[in-house]
Every structure is written in C-alpha cells, then in structure tokens.
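The sequence lines fix the lettering, A, B, ..., with proteins before strands; numbering per chain opens at 1.
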Amino acid sequence: MLDVRLIRSDQESVRTGIARRGEDPAVIDRVADLDTRLRELTAKRDALRAEVRSISNEVGRLFREGNRDEAAGLQAESKALGEEESELDRTAGELSSELRELLLRIPNLPAEECPDGSSEADNVVLRTHGAEPASYGDAQRVPHWDVAEDLGILDVQRAVKLSGSMFVMYRGAGAQLVRALCQLALDRNSDIYEEVRPPTLVRTDTMVATGHLPKFVDEAYQIERDDLWAIPTAEVPLTSLGRDEILDEDSLPRRFCAHTSCFRREAGSAGKDTRGLLRVHEFDKVEILAYCRPGDAPDLHAEILSRAESLIADLGLSYRVLDLCAGDLGASSRRTFDIEVYAPGVDDWLEVSSVSWFGDYQARRANLRYRPDGGKGTDVLHTLNGSALAVPRVWAALVEVNRREDGSVTVPEVLRPYMRGTEVITP
RNA sequence: GGAGGGAUGGCAGAGCGGACGAUUGCGACGGUCUUGAAAACCGUUGGGCCCUCACGGGUCCCGGGGGUUCGAAUCCCCCUCCCUCCGCCA
C-alpha cells in the first residue's frame, strides 16, 4: 500500500511510477480527491467532538452541583451537536473505506533503477552463468516428462486421477529428490535465516498484507466454509509473522526461511505449459525472507539474490539473472531479479526464483514497524524475499541436464547426502 | 460439538456511567547517592490520524463491529480470539 502522504505531497512522481508499469495513473486523482475531502471532514468532525466532550463534562459538573435546569439546557445543545457529529462521522467512514479499497489495489512504485519496459521482452539479462545452451548433447534434449516417465519417478497420470490436471505426483527416487532439494535449500540458509514451518492455510488479512488480495483473488485457492486461503508462497505467512508488531532496531534485520507447499490456481494460464512440471497447482518451495531498516534493503536484496544464485550454481545448472522491467514487475515489488535456469529438454529458460524488494509496501499493509534506537516514534520496515528453491522447475531442469545416453539420471553431488548416497537414478 | 470463564498499556493487574489514555506493581530508561556496583530515593516510560517550519494543539484507540446516553473501558447486541471442563480425534 502506498503512503497517502506521498500521494498528497508528490503526486507527480506517483503518477509517473504507476505509468511506468503501464497502468492508468488516473486512479491517483481519485485518491487525492478522496483524501482531501476526508481530511476536511475529519477536521470538522473532530472540532464538533471536542465541543460535545466539553459540554458533557460541564453537564456532569452541573448535575453534581444539583443545577438541573441549566444542565438540561446544555444536554439539548450537546445532543444537537452530537447528531451533526455522527452524520459527519458516518460520511467520513464511507470515504475512508472507499479510499482504502482504492489504495489496496494500487501497485507499488518501481524503483528508480528498475529498467523501463512494458513486457517480459524488455527484461534485462544481467549475467549468464554455466554451460551454454548450445553445449548440451542429444541425451539431454529429452523433455523431463519423458525422462521421468521412463524412470518411473513422476506419475502425472495418477495425480490427475486424484486431483485433476496440473497436479503431479513424484514417486520413488523422484519423491526423494523433492525432499533432498528442500532439505538442501533449508540447510544452506539456516545459518542466519531462522527456519520456520508456518501454516499453509491463512486468514484473509494475511493474504491482504502481502498484496495477494484483493487484487488477485482469482489466483488463490479459497476455503470458503472456514474463511481461509491456501498460501501461494511462504512469503504470505512469513510477512504476517510480525504483523502489528513493533520491533526493536537492534533486532534487525530479521531473517526467515521456510519450506512449504504452495498453491496457485493459475487462472490466467489455461492451456499454457500443461505438460510436465512447468506449471502446477501445488508445489514445494523454500523461501527466504527478511525484514529490515530501509537503508539496509539494498544489501539484503543482494544477499538473498546471491544465496539463491549460488544454490542453483552448486546444483550444476546453467542460469541467467534478469532485472525485471517496470512493466513486468509484480504488483507489490519495487525491484525484482529473476533467476532462470536453462532446461535443455524443453529448450527453454525456466523461472526458478524471484528475488524482490518490496520497500514499505507490504510492511505498511501488514503494519510491520520498528522503533529506531534513540529516536522517537516508529518507522515502517522494508520487506524482501526470494525463492531459495522452487522444486518443480529445478527438478525438471535437473533430470534433463543430468540425463545420460542410457536414460538414467545422475544425482548432483550436493544432493547425494540427502538421498542416502544415490549417485544415479535408474529405472 | 456441549457447558462455563475471559480479552485493559512491554508484562502483571485495578477500574463496574462523568476530571480515565486510564490507579498500582514489575520491567526498561535517565538522575541523585557511591571508589564502583547493589539498595534507596527522584523522574521518564503507548500507538494512529489531522493541523503546525517548529513550540504546541485537536481527535481516536481499553479484542473487533454496532447500539443506548448530554457523556461509555464501564450498560446492551453481534462477531472473533483465548482459557477451563466434557465429548470426539491425529
């Protein structure tokens, strides 16, 4: 959520930011107008309240002194003012919820350094690491769904029987590989990131705090009967972990990592990537996340990115890092780096991590604050996060990259300890 | 699921219609005393919004929402959450 005060004081730069995303900045006018009216109204209401209050005190005093007649006159006066006041209060309430509704749907402003552009095509490739796509051999040019089916480690057909299309089931060594990946990702980060195992069903407020609601209702699985939502990422519970709290400055930054299932309806992508693991409704992911002082955000952004990157590198995958352009940025983000791994079997770069800096956008929604040392009052925190490891696409890339002539798949060195020493997956 | 009891400041815990944003205790912070520390004593110790360059002022907040009243932490209604007991169950 943007700070209304920013809209009030520097409307122009807010409009520019919204426009850079390719969205219509007209909504800013409506917000500014509502805000002005609301402030006029509350000023009037507050003045009336103050008057009612002081008259009421006077009434109390008169009653105690037994001066009933005078008290009765004042009561009438106060009652009239009170009615006027509650009328203003009602209107103010309406305006303020209207204002909040609008604000909740306005995306974050892209950071200045965020590249211009209107779509995916304009994202900037910052660097590429590992083997060239062209260097992969014929043995590696088999899509993971075929590799996996030959080995019996992925059972899409039966998953569909249980849950419908775009659900998958890993079996045998495939299931072990999922577990190995998650454990590896947790272990590599639990040095300074506190490991958390949060709930995966959350209340509406929790989804609102990260920006997943109200704008993206169609993307989320809802359990209507109990008014709960299935999380699309651990970012959701981890961000709300500190909701409505005021942290001491010396406890910052706070770092968390969590392995959870993630649930996405993928509503807008019917018919896209329907085979294999490229797009599924339920998957495992290890997320790392931090709360920090605004000034520390750039360092943490770099830290999270480098942790995500080094893990992919150690798995032996080729990857590239993209600096997302303003038009392709997620709604809550100010700046995002994507990591894409090259999967030779499907001959494509797969997004496996999104490392985002949200500024105070989510923290404002979540009411996540800290108390500056020595200073007065409270400040809003910044939040950042990134996928340490999103299982399905990494799994897919791994089995394609490590496939040998005979159809077996070698297990990367770093994963072997987590797979009871298995070096090769054979049928 | 049934029956009761709760929700107040960092924590503990008063308050039961009028000067209560809230007695008090603990904790924390500052000071006095002390060679230093402890003890003792004194003082400070919430958040949101609005107006103001600032000093300062106004208003809201006693789980959330509505109501009664000139006036609500206090009375009424609804909701949520927590605790205890019973039942069920991994």
Side-chain angles (χ1 to χ4, degrees), chain A residues 1-10 31-104 197-209 223-229 237 240-252 254 261 360 363-381:
Chain A
M1 188 158 66
L2 297 180
D3 187 352
V4 231
R5 281 171 295 197
L6 181 65
I7 295 175
R8 206 179 287 157
S9 64
D10 192 2
V31 168
D33 175 56
L34 273 172
D35 175 54
T36 309
R37 280 160 58 206
L38 181 60
R39 275 184 303 148
E40 281 169 8
L41 218 62
T42 46
K44 269 191 218 161
R45 183 202 59 191
D46 285 0
L48 275 175
R49 268 188 191 166
E51 207 167 332
V52 168
R53 224 158 92 110
S54 95
I55 293 175
S56 295
N57 282 337
E58 185 66 4
V59 169
R61 194 181 59 81
L62 289 171
F63 265 122
R64 252 173 281 124
E65 290 169 0
N67 199 339
R68 292 181 165 273
D69 292 346
E70 207 177 326
L74 282 180
Q75 271 183 6
E77 190 185 334
S78 179
K79 184 166 189 160
L81 288 174
E83 273 158 17
E84 202 180 327
E85 183 269 335
S86 58
E87 180 61 29
L88 287 180
D89 189 49
R90 231 200 57 241
T91 316
E94 281 165 13
L95 287 186
S96 109
S97 53
E98 202 180 324
L99 180 61
R100 187 178 157 79
E101 281 302 304
L102 282 182
L103 281 172
L104 283 177
R197 180 74 214 201
T200 40
L201 297 181
V202 299
R203 295 174 189 276
T204 302
D205 288 348
T206 306
M207 291 285 279
V208 170
I223 295 159
E224 224 164 329
R225 176 174 167 152
D226 296 296
D227 195 21
L228 290 168
W229 303 78
S240 277
L241 191 148
R243 197 164 80 218
D244 296 322
E245 292 187 25
I246 301 172
L247 306 175
D248 289 328
E249 182 172 6
D250 59 22
S251 74
L252 299 171
R254 294 278 276 267
S261 293
D360 61 13
R364 196 176 297 286
R365 287 169 166 250
N367 197 24
L368 253 179
R369 294 169 294 170
Y370 75 101
R371 202 182 301 284
D373 275 339
K376 271 185 280 206
T378 58
D379 279 332
V380 180
L381 287 163

Determine whether a donor-acceptor pair (N or O, by modelled atom type, separation under 3.5 Å) exists between the side chain of [X] and the backbone of [Y].
| X | Y | answer |
| --- | --- | --- |
| S240(A) | P237(A) | no |
| T42(A) | L38(A) | yes |
| R365(A) | L104(A) | yes |

Specify the separation, in whole Å, of atom [atom1] of [X] and atom [atom2] of [N].
| X | N | atom1 | atom2 | result |
| --- | --- | --- | --- | --- |
| D205(A) | rC79(B) | CG | C1' | 14 Å |
| D227(A) | rC79(B) | CG | P | 15 Å |
| D250(A) | rA28(B) | CG | P | 15 Å |
| L62(A) | rG71(B) | CG | C1' | 13 Å |

Supply the atom-to-atom distance R203(A) CZ to L228(A) CG, rounded to the nearest 0.5 angstrom.
-> 7.5 Å
Taking only Lys NZ, Arg NE, NH1 and NH2, and the carboxylate oxygens of Asp or Glu, determine whether K44(A) and E40(A) approach each other closer than 4.0 Å.
-> no
For [X], answer base if it contacts any base atom (sugar-phosphate contacts may also be present), sugar-phosphate if it contacts only those atoms, and nothing otherwise; contact means non-hydrogen atoms under 4.0 Å.
| X | result |
| --- | --- |
| S78(A) | sugar-phosphate |
| R90(A) | nothing |
| R61(A) | nothing |

For the [atom1] atoms, the ones on [N] and on [M], what distance do you get once it is rounded to whole angstrom?
| N | M | atom1 | result |
| --- | --- | --- | --- |
| rA3(B) | rG13(B) | C1' | 28 Å |
| rC60(B) | rA72(B) | C1' | 14 Å |
| rC61(B) | rA22(B) | C1' | 12 Å |
| rG6(B) | rA14(B) | P | 12 Å |

Watson-Crick/G-U partner (both atom distances under 3.5 Å) of [N]:
| N | value |
| --- | --- |
| rA28(B) | rU44(B) |
| rA39(B) | none |
| rC85(B) | rG2(B) |
| rC49(B) | rG58(B) |
| rC75(B) | rG67(B) |
| rU23(B) | none |
| rU80(B) | rA7(B) |

Smallest heavy-atom separation, L103(A) atom then L2(A) atom, equals CD2-O, 4.2 Å
All heavy atoms of E70(A) vs all of N67(A), minimum pair found to be OE1-ND2, 3.1 Å
Taking side chain as C-beta onward, heavy atoms only, is R243(A) less than 4.5 Å from T206(A)?
-> yes
By a strict heavy-atom criterion of less than 4.0 Å, which residues belonging to residues 42-55 of chain A are in contact with RNA chain B?
-> D46(A), R49(A), A50(A), R53(A)
Closer than 4.0 Å, any side-chain N/O of R371(A) to the OP1 or OP2 of rG10(B)?
-> no
